[in-house]
Structures are given as structure tokens and as C-alpha cells.
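Structure first, commentary second.
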Amino acid sequence: MFVFKSQVHLLVMNQEENQLQKIKYLAEIINEKKYDVIALQEVSQSIEAPYIYENIKEDNFAFILLKNLEQLGCRDYSLVWDFAHIGYEKYEEGLAILTKHPIIKKHSFYVSKNQNPLFWKTRKIVGATIRWHGRPLSFYSCHLGWWHDEEEPFGDQFDTLLKKIEYEDAFFLMGDFNNDAHIRGEGYDYMMSRGLYDTYVLAKEKDSGTTVQGKIDGWNENEKNLRIDLILSNKLLHVKYSKTIFNGQNGHVISDHFGVEVEIEDGLA
């Protein structure tokens, strides 16, 4: 989850199951902290559910989240969502951006070579360009593959992602990159070699940065603490802090990926 606040407050989070209690709790935290931009991954809706509007169905995780926010009196957020592939043969699994700011343009594009929604490695990026103090800022919710994947290598997907981005604007890439920042010579270093900045590295205040502990889907043999959920930018920014949330210490655990919260002090207005 990715947060963006006046100074800039950014929140990024990977969601796993459509559990109503977790959604309610997440809505309470969003309502309290007033995030400017939120990025979500693995945001599912049932194949069989009826449409509510555009491509959103009634059991869409992000749509239900908005409804919970409305129950708390918060009607500030707009939603951009699209699905990448079918999950567990019954869900349309996708990505989302929520923001309080005017949306200038919506983005949705494939970064995987395979674009068949029935293939679980099919990857799509969802984004929004917002108006921020009179200038455009673009935010992309990302869920990419693995460095050593022979069918869908991370490097190819990331190259495609960068080719699709409008470089004249400041942009942020937020989400699950499936490449541990602690491993040298693989995906993380590849991204950093492309002129991007890691807001965690730039932050004046930070914690361990761990977003995954132990074994999860896609990391079935993992026994380490991983930092694979990242907030990257093409601009050198003044980052006040970066912290992991929903990790049992800063909030209840609501996903197998913890959330990342960042506040940027200046450099964008």
C-alpha cells in the first residue's frame, strides 16, 4: 500500500484475501491517516459477480473498501482498478490506485509477454496521473514477476514498464516487485541501475524495511526477512520517513505482505 500526503504521504500494500473484517480495519486506518494516494495489489473480484460501474463488480475488494470509508463519513477517494489474470479459477485478480486528488488520466497496460488472463503469470500495471498543486504526478501500482523466471523474466517486464511510462512527469512505482532489496546483482540492482530512487533509502527515518517474513506464495522456500514491497521514484526527493505498517507492531497484520508508508517533505510542489 502506498501513501501520499501534503508534504507527500504514500502508502503501498499487497492484499491477499477478501476478508470483511480486514477491509473494515484498513478503512479505519485510511480514514484516520488521510493518505493522498494508496496502491493495492492482488485486488480481486469474482468472475460471476454483477457489475456496479465500468469494470468494477459488487464484491471488488477496493470497491468494498470505498463503501467502508463512506460508512465512516469519508467520501474523498476515487478508484482506478483493472485485472491482470484469473486467480483460483474464480477471481479476476488485479491492481488498484485510490486517491483524494483529481485524476487527469488512468493507466492500464501489460508488462508480461503473455497477455492471456487465464495464465497466472500474466502481469498488468494500473496507474493514475493526478493533479498535485497544479502539476501532474503519476502513480503506478505494480506486481511483477521473479528475476530467474524463464517464462516471464523480471528484467523484460521492468523494461516494458519503463517504456510505457510518461517520463515528462514525476512518477512513483509502488508495490510488490518480487525481488529482495538485500540481494545484489538481481532485480533490485537492475531497477536502481535505471536511474530510479528508493524512497526507503532516501528516508531520514526508517525501520528494518521488512515487508515479508517467512514462506508465502511465490517464496515457498523463504526463511529470511524480505524487502520486496517498494516505493520508487524517478525524482530525488526529501523523504521524511519510511515505515512498515500492518506488521503486528505498527497495526494488525492483514496480509502476508506488510504495508509500506512514506511521507515526502518537499520537492514535488
Side-chain angles (χ1 to χ4, degrees), residues 1-5 8-16 18 23 26 30 35-45 54-56 60-66 77-85 87 91-101 103-112 117 121-130 132 136-145 154 157-158 160-166 169-179 187 191 196 198-200 211-212 218 228-234 245-246 254-262:
M1 186 184 299
F2 178 83
V3 183
F4 186 75
K5 204 174 176 180
V8 183
H9 216 160
L10 310 169
L11 177 64
V12 108
M13 178 161 182
N14 187 297
Q15 163 61 28
E16 51 177 15
N18 238 354
I23 296 175
L26 178 56
I30 293 172
Y35 298 130
D36 294 281
V37 175
I38 301 165
L40 300 166
Q41 299 81 47
E42 297 182 2
V43 182
S44 298
Q45 62 185 20
E54 297 177 352
N55 60 349
I56 306 296
N60 182 289
F61 172 91
F63 177 73
I64 296 174
L65 177 59
L66 288 180
Y77 290 94
S78 299
L79 168 65
V80 179
W81 178 89
D82 201 1
F83 89 98
H85 59 251
Y91 296 116
E92 295 175 344
E93 183 180 300
L95 307 97
I97 295 282
L98 281 70
T99 180
K100 298 192 302 180
H101 301 279
I103 296 175
I104 302 171
K105 186 176 181 180
K106 299 178 181 180
H107 308 275
S108 178
F109 52 84
Y110 290 100
V111 292
S112 55
K121 291 183 181 180
T122 295
R123 303 291 179 176
K124 184 179 282 188
I125 303 297
V126 170
T129 299
I130 67 171
W132 173 262
L137 295 179
S138 295
F139 299 85
Y140 298 90
S141 186
C142 306
H143 187 189
L144 301 183
F154 173 86
Q157 293 182 2
F158 196 74
T160 301
L161 168 57
L162 291 185
K163 289 176 183 177
K164 297 280 188 177
I165 290 177
E166 300 174 1
D169 301 334
F171 66 79
F172 294 85
L173 308 179
M174 309 98 71
D176 176 7
F177 292 87
N178 270 315
N179 279 267
M191 291 188 290
L196 297 176
D198 185 345
T199 56
Y200 175 82
T211 63
V212 168
I228 62 177
D229 301 271
L230 311 171
I231 298 174
L232 309 177
S233 178
N234 65 325
I245 59 175
F246 304 124
I254 58 176
S255 171
D256 57 358
H257 291 244
F258 304 145
V260 177
E261 180 180 314
V262 166

How long is the gap from [atom1] on [X] to [atom2] on [Y], to the nearest 0.5 Å?
| X | Y | atom1 | atom2 | value |
| --- | --- | --- | --- | --- |
| Gln45 | Ile56 | CD | CD1 | 6.0 Å |
| Ser108 | Leu95 | OG | CG | 8.5 Å |
| Ile165 | Phe109 | CD1 | CZ | 6.0 Å |
| His85 | His143 | NE2 | NE2 | 7.0 Å |
| Ser44 | Glu92 | OG | CD | 9.0 Å |
| Ile30 | Ile38 | CD1 | CD1 | 3.5 Å |

How close do [X] and [Y] get, counting heavy atoms only, and between which atoms?
| X | Y | answer |
| --- | --- | --- |
| Asp176 | Asn178 | OD1-N, 3.0 Å |
| Phe177 | Phe154 | O-CE1, 3.4 Å |
| Ile103 | Ser78 | CD1-CB, 3.9 Å |
| Lys164 | Tyr110 | CE-O, 4.1 Å |
| Ile125 | Ser141 | CG2-O, 3.7 Å |
| Phe158 | Leu144 | CD1-CD1, 3.9 Å |

Is there a donor-acceptor pair under 3.5 Å between the side chain of [X] and the backbone N or O of [Y]?
| X | Y | value |
| --- | --- | --- |
| Ser112 | Arg123 | yes |
| Asp169 | Phe171 | no |
| Thr129 | Pro136 | no |
| Glu261 | Ile245 | no |

Kindly indicate whether the side chain of [X], heavy atoms from C-beta on, has any atom under 4.5 Å from the side chain of [Y].
| X | Y | result |
| --- | --- | --- |
| Leu40 | Leu65 | yes |
| His257 | Ile228 | yes |
| Ile97 | Met174 | yes |
| Leu230 | Tyr200 | no |
| Lys100 | Tyr77 | yes |

Q.
Between Phe172 and Val262, is the side chain to side chain contact (heavy atoms under 4.5 Å, CB included) condition met? List the steps.
A. CA-CA 12 Å; Phe172 294 85; Val262 166; over 6 Å; no
Q) For Thr211, which residues count as a side-chain hydrogen bond (donor to acceptor under 3.5 Å, both in side chains) partner, sequence neighbours excluded? A)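 Only Asp229 meet the side-chain hydrogen bond (donor to acceptor under 3.5 Å, both in side chains) criterion with Thr211.
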Q: Tell me, please, which residues at least two apart from Thr160 pass side-chain hydrogen bond (donor to acceptor under 3.5 Å, both in side chains).
A: none
Q: Quick one: do Val126 and Trp81 satisfy side chain to side chain contact (heavy atoms under 4.5 Å, CB included)? Show the steps, please.
A: CA-CA 7 Å; Val126 170; Trp81 178 89; 5.8 Å; no
Q.
Suppose we screen for side chain to side chain contact (heavy atoms under 4.5 Å, CB included). Which residues come up paired with Ala84, at least two apart in sequence or across chains?
A.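 By the side chain to side chain contact (heavy atoms under 4.5 Å, CB included) rule, Ala84 matches Lys124.
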Q: Go through the steps for Phe246 and Leu26 under the test side chain to side chain contact (heavy atoms under 4.5 Å, CB included), then give the verdict.
A: CA-CA 9 Å; Phe246 304 124; Leu26 178 56; 3.7 Å; yes
Q) In terms of ring plane angle, is the pair Trp132 and His101 parallel, tilted or perpendicular, where the classes change at 30° and 60°? A)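 The arrangement is perpendicular - the two ring planes meet at more than 60°.
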